[in-house]
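The residues of the chain are indexed from 1 along the displayed sequence. Numbering of ligands and ligand atoms starts at 1, following listing order. Both backbone and side-chain heavy atoms feed into the values below; hydrogens, waters and symmetry mates do not.
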Amino acid sequence: MKVLKFGGTSVGSAKNINNVIDILTAYSKKDAIICVVSAVGGITDKLLLAGKQAQNKDTRFKETFHTIKDIHLNIINELNPSYTDDIIAYVETRLDELKNLLDGIYLINELSPKTSDKLVSFGELLSSYIISETMKHRSLSVDRKNAQELIITNSNFTKAEVDYNITNKNIRDYFKTVAQQITILPGFVSKSLVGEQTTLGRGGSDFTAAIVAAALKVEQLEIWTDVSGMYTTNPKLVKQAYPIKKISYQEAMELSHFGAKVLYPPTVQPVLDLEIPIHIKNTLEPEAAGTIISNDAVNVTSPVKGISNIGHIALLTLEGSGMVGIPGFSKRLFETLSQEKINVILITQASSEHSICLGIEEKDAHEAKKAIDAVFENEIALNKINPIIVETNLSIIALVGDNMKNHQGISGKMFSTLGKNNINIRAIAQGASEKNISAVISEKDVKKALNTLHEQFFEIETKQLNVFITGVGNVGEKLVDQIEQQSTYLKENLKINLRVAGLSNSRTMIFNENGIDLKNWKDQLASGEKATLEGFFENTKSLNLRNSIFVDVTANKDVANLYADYLRQSIGVVACNKIACSSDYENYSLLKRLSLKYNAPYLFETNVGAGLPIIDTLNNLIASGDKVTSIQAVLSGSLNFVFNNFNDTTKFYDVVKQAAAEGYTEPDPRIDLSGVDVARKILILARESGIQMNLEDISNIPFLSESGLKSDSVDDFYQTLIADEGHYQALYASANAKNSQLKYVAQLNNGKANVGLQEIPEGHPFYNLEGKDNIVMFYTQRYPEQPMIIKGAGAGAEVTASGLFADIIRIGNN
Ligand code: ADP
Ligand code: ASP
Ligand code: MG
């Protein structure tokens, strides 16, 4: 004999009920079976809602009643198109009774636990009747037995305790005599010794099935539900979760106690001693293997078997110096809670005994505070302890696994993973058996915590990065293209799952927590919401995704001013915008400190030399103990382009215009030609070499004409280039006469930096620098004579985008 239980979704529609009937028909060919059914999906909630509405004198209880009625009648009609009358007659009689009960509640304004149980029992009583009658019409050997006649409990309404002596006897006696091949039983419902209707607690149909399975010592109990087994974590919250093939009773119990709703926690108890395996299966996908819960869960791959969470938790903290060393405080505390019938889910006590922290259901928090403060009234008045502190909007997350005790460092890994993602832990509990490590965190962090922990313990294979890109102009667009192109490569070769979760230009912004589809991102962005910098930050923050990175592809000061906010949320920052790094030293070092404190990388490789690995190389030199003595560099791709193309056959104005048109200059060319851009770059290199320096400390001898320096708009500036052609030709002629090339050079020597135009003689490494190339020569203690040289294209959208890309991958590889 086998016991199968089908949950609310499994019997939630005519289509699903037909699936159930197919499964039962196939099984019953081999063996006699008992089938426990839940109420039609959602009906228990609706019955309770109608009850609450009636109790509150809210006449909408009638609408709720009609919805309940319609759902049942529709299912009957769809299941039995040609012979519904007899079934409907019976169901309508029951529904009339339900209506009378609701009217009664409305009239007396009261919904006691006892009445509530009577009310919710309609759900299972109706579903079991409809299913068994439908099966009879299909000529199956079937009968229904009201479980209220078998399962006998005490009068602890809404969660009654079973009297196993009577119940087991009832079940055995009944099944000794049955003739039918299939017996349908309503789950969840029971009766007290004195005949009142009781229930086994929300989700209790699983328990009914386990009670019957144990009473009859069947060989297997099957729980059929809407997912393919017990998953590594709640599949509704973590997409990557997958079904656990085998799990021990202890682990399954622990996971369900800590919120894995797929199994009602008490279900394991009756079958545990008899070692009846529980098989969890999916009605919507019957071929899927599902999960086997038994003592034979030895093929352990990971010490952590699953992660679960319980929401709506309140934390109570009892503190006070008067508690230290004085016995009896805990006893009184727990006695008080027990008298109030308040269940304690988690306990921690500091070894100083100075405080005790308890996790309870949020709905009990108010009663708990009242009762505890009353019990400790004297001690509170004498200042021995403080009134109890209540915190709400919390959740418990728990790692579960029998084998965790044999592995070191699991809790360390758990807490550091949470810490890295800026998830604050309010309390921690670890059972002495080490089957469970739990932490109390804020409700809003649950999804992120489960996803991060799942990645850490179950998908070590791949790491998800979520980037939020602001400024998708020239460079930004190339970056998005590169991300799209490389996504498969990154997954397969670097195990990085890189997703763009937010995009914005100056007009609009879009977000998608599952990653924006990059195929048509431009259309999506065009119809996005209005962009603001704060809006972008708020959205990024509230999506609260793990490994989030903000990418600044603008040259905007206000964007740079927000980096600190991002870092404080543990969101990494990757920027090609130089403003922050070349701002006040105070601000630069604050960002560096925040990056360390919040474990959020701040990378800006493209600030110097676009995609060339200049800063990364410098950082590696310093990290390995080297010291920079001097830096000689040509750092402006735009100025190099200008002076490589300017001679006595071209015009300075035309060459600058061309550089701008090809995207090698900043939008305002004065930033390049005045040397400010180069000064910022050498400043950043100096700072990264460990020197405290500000922009004013850099000497900058300009080569622009007087009027060029004074121009107050971009247009005026261009005009001065035409007017002062003679000034620029003189610069060229002087260099040419000495057989030299004009190069704009940045230098750092003995802690002092300068930038300026120089005449570079033949034979110097800078002499042959072509096009828009950059070159940097690092003289260090390890490279005293022959410098370390980095050279290559130092401007352009494509290389800048790949520099940003490299920073993002650096974070991914960390
Ligand atoms: P039924 O109505 O069949 O009893 P439940 O809704 O009670 O189904 O339980 C199944 C649900 O449990 C799943 O749809 C899923 O949302 C939730 N769940 C939470 N944690 C887990 C987990 N670790 N594995 C599987 N399901 C889980
Ligand atoms: N119908 C009940 C509930 O929703 C019992 C169950 O489905 O297990 O809680
Ligand atoms: Mg359930």
Side-chain angles (χ1 to χ4, degrees), residues 4-13 16-17 19-20 36-49 68 116-117 119-128 147 151 158-160 185-190 198-211 222-245 247 251-267 278 280-285 288 290-291 293 304-311 395-401 446-447 450 453-454 458:
L4 285 76
K5 176 261 171 177
F6 291 87
T9 315
S10 305
V11 298
S13 65
N16 289 354
I17 293 176
N19 273 349
V20 172
V36 175
V37 294
S38 283
V40 169
I43 290 297
T44 311
D45 286 338
K46 290 195 169 62
L47 287 164
L48 283 172
L49 173 69
I68 294 170
S116 174
D117 268 356
L119 181 66
V120 290
S121 296
F122 277 96
E124 269 71 6
L125 293 173
L126 285 170
S127 66
S128 57
I151 299 182
T158 75
K159 201 173 180 179
L185 293 179
F188 181 51
V189 297
S190 43
T198 54
T199 64
L200 302 175
R202 290 304 307 271
S205 293
D206 296 344
F207 192 28
T208 304
I211 294 166
E222 296 188 4
I223 305 280
W224 289 74
T225 181
D226 60 352
V227 287
S228 298
M230 192 165 225
Y231 278 59
T232 45
T233 188
N234 188 344
K236 301 265 160 74
L237 296 177
V238 178
K239 267 203 184 146
Q240 281 82 359
Y242 53 85
I244 304 165
K245 285 201 176 71
I247 188 167
E251 289 169 327
M253 247 194 296
E254 206 71 30
L255 278 174
S256 67
H257 268 295
F258 278 83
K261 187 186 165 215
V262 63
L263 194 69
Y264 180 54
T267 308
I278 306 175
I280 301 187
K281 298 273 292 172
N282 187 349
T283 311
L284 314 173
E285 222 185 300
T291 299
I293 305 171
V304 182
K305 265 302 178 55
I307 311 169
S308 55
N309 71 294
I310 322 178
S395 268
I396 298 178
I397 45 169
L399 292 191
V400 169
V446 167
K447 193 169 176 192
L450 290 179
L453 292 174
H454 195 266
F458 294 96

What is the nearest protein non-hydrogen atom to [atom], stated with its residue, atom name and distance?
atom                    : result
atom 3 (C) of ligand 2  : Arg202 NE, 3.3 Å
atom 26 (N) of ligand 1 : Val262 CB, 3.5 Å
atom 27 (C) of ligand 1 : Pro235 CD, 3.7 Å
atom 25 (C) of ligand 1 : Gly229 O, 3.4 Å
atom 24 (N) of ligand 1 : Tyr231 N, 2.8 Å
atom 4 (O) of ligand 1  : Lys5 NZ, 3.1 Å
atom 5 (C) of ligand 2  : Glu124 OE2, 3.5 Å
atom 11 (C) of ligand 1 : Asp226 OD1, 4.0 Å
atom 15 (C) of ligand 1 : Asn234 OD1, 3.8 Å
atom 3 (O) of ligand 1  : Thr225 OG1, 2.7 Å

Min N/O separation [X] to ligand 1 under 3.5 Å:
X      : answer
Lys261 : yes
Ser10  : no
Gly8   : yes
Thr232 : no

Option with minimal heavy-atom separation from atom 14 (O) of ligand 1, where the choices are Lys236, Met230, Arg202: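 Shortest heavy-atom distance from atom 14 (O) of ligand 1: Lys236.
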Between [X] and ligand 2, does any nitrogen or oxygen pair lie at a separation below 3.5 Å?
X      : answer
Ser38  : yes
Gly203 : yes
Lys5   : no

Just do the side-chain contact (heavy atoms from CB on, under 4.5 Å) check on Ile293 and Leu263 with the steps written out, would you? CA-CA 11 Å; Ile293 305 171; Leu263 194 69; 3.8 Å; yes
Measure from the side-chain N and O atoms of [X] to the backbone N and O of [Y], and report whether any donor-acceptor pair falls under 3.5 Å.
X      : Y      : value
Glu124 : Ala39  : yes
Asn309 : Ser395 : no
Ser308 : Phe258 : yes
Thr291 : Ile244 : yes
Thr208 : Phe188 : yes

How far apart are the C-alpha atoms of Val20 and Trp224, what are their side-chain angles, what is the distance that settles it, and do they pass the side-chain contact (heavy atoms from CB on, under 4.5 Å) test? CA-CA 9 Å; Val20 172; Trp224 289 74; over 6 Å; no
With a 4.5 Å limit on heavy-atom distance, are the side chains of Ile278 and Ile223 in contact? yes
Is there side-chain contact between Leu200 and Ile211, with at least one heavy-atom pair below 4.5 Å? yes
Ligand 2 contact by Gly187, heavy-atom criterion under 4.0 angstrom: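 No, Gly187 has no heavy atoms under 4.0 Å from ligand 2.
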I would like to know whether Ser10 and Asn19 meet side-chain contact (heavy atoms from CB on, under 4.5 Å); could you show each step before the answer? CA-CA 8 Å; Ser10 305; Asn19 273 349; over 6 Å; no
Where does the angle between the aromatic ring planes of His454 and Tyr242 fall among parallel (under 30°), tilted (30 to 60°) and perpendicular (over 60°)? perpendicular
Applying a 4.0 Å heavy-atom criterion (strictly less than), which segment of Ile223 is in contact with ligand 1: side chain, backbone, both, or neither?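 The answer is neither; Ile223 stays 4.0 Å or more away.
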Short N-O contact, Arg202 and Asp45, less than 4.0 angstrom: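 A salt bridge links Arg202 with Asp45.
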Distance filter under 4.0 Å to Thr44 heavy atoms, resulting ligand 2 atoms: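 What qualifies from ligand 2 is 1 (N), 2 (C), 3 (C), 4 (O).
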Just by distance, no angles: are the side chains of Asp117 and Thr198 close enough, under 3.5 Å, to form a donor-acceptor pair?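 Absent: no donor and acceptor within the cut-off.
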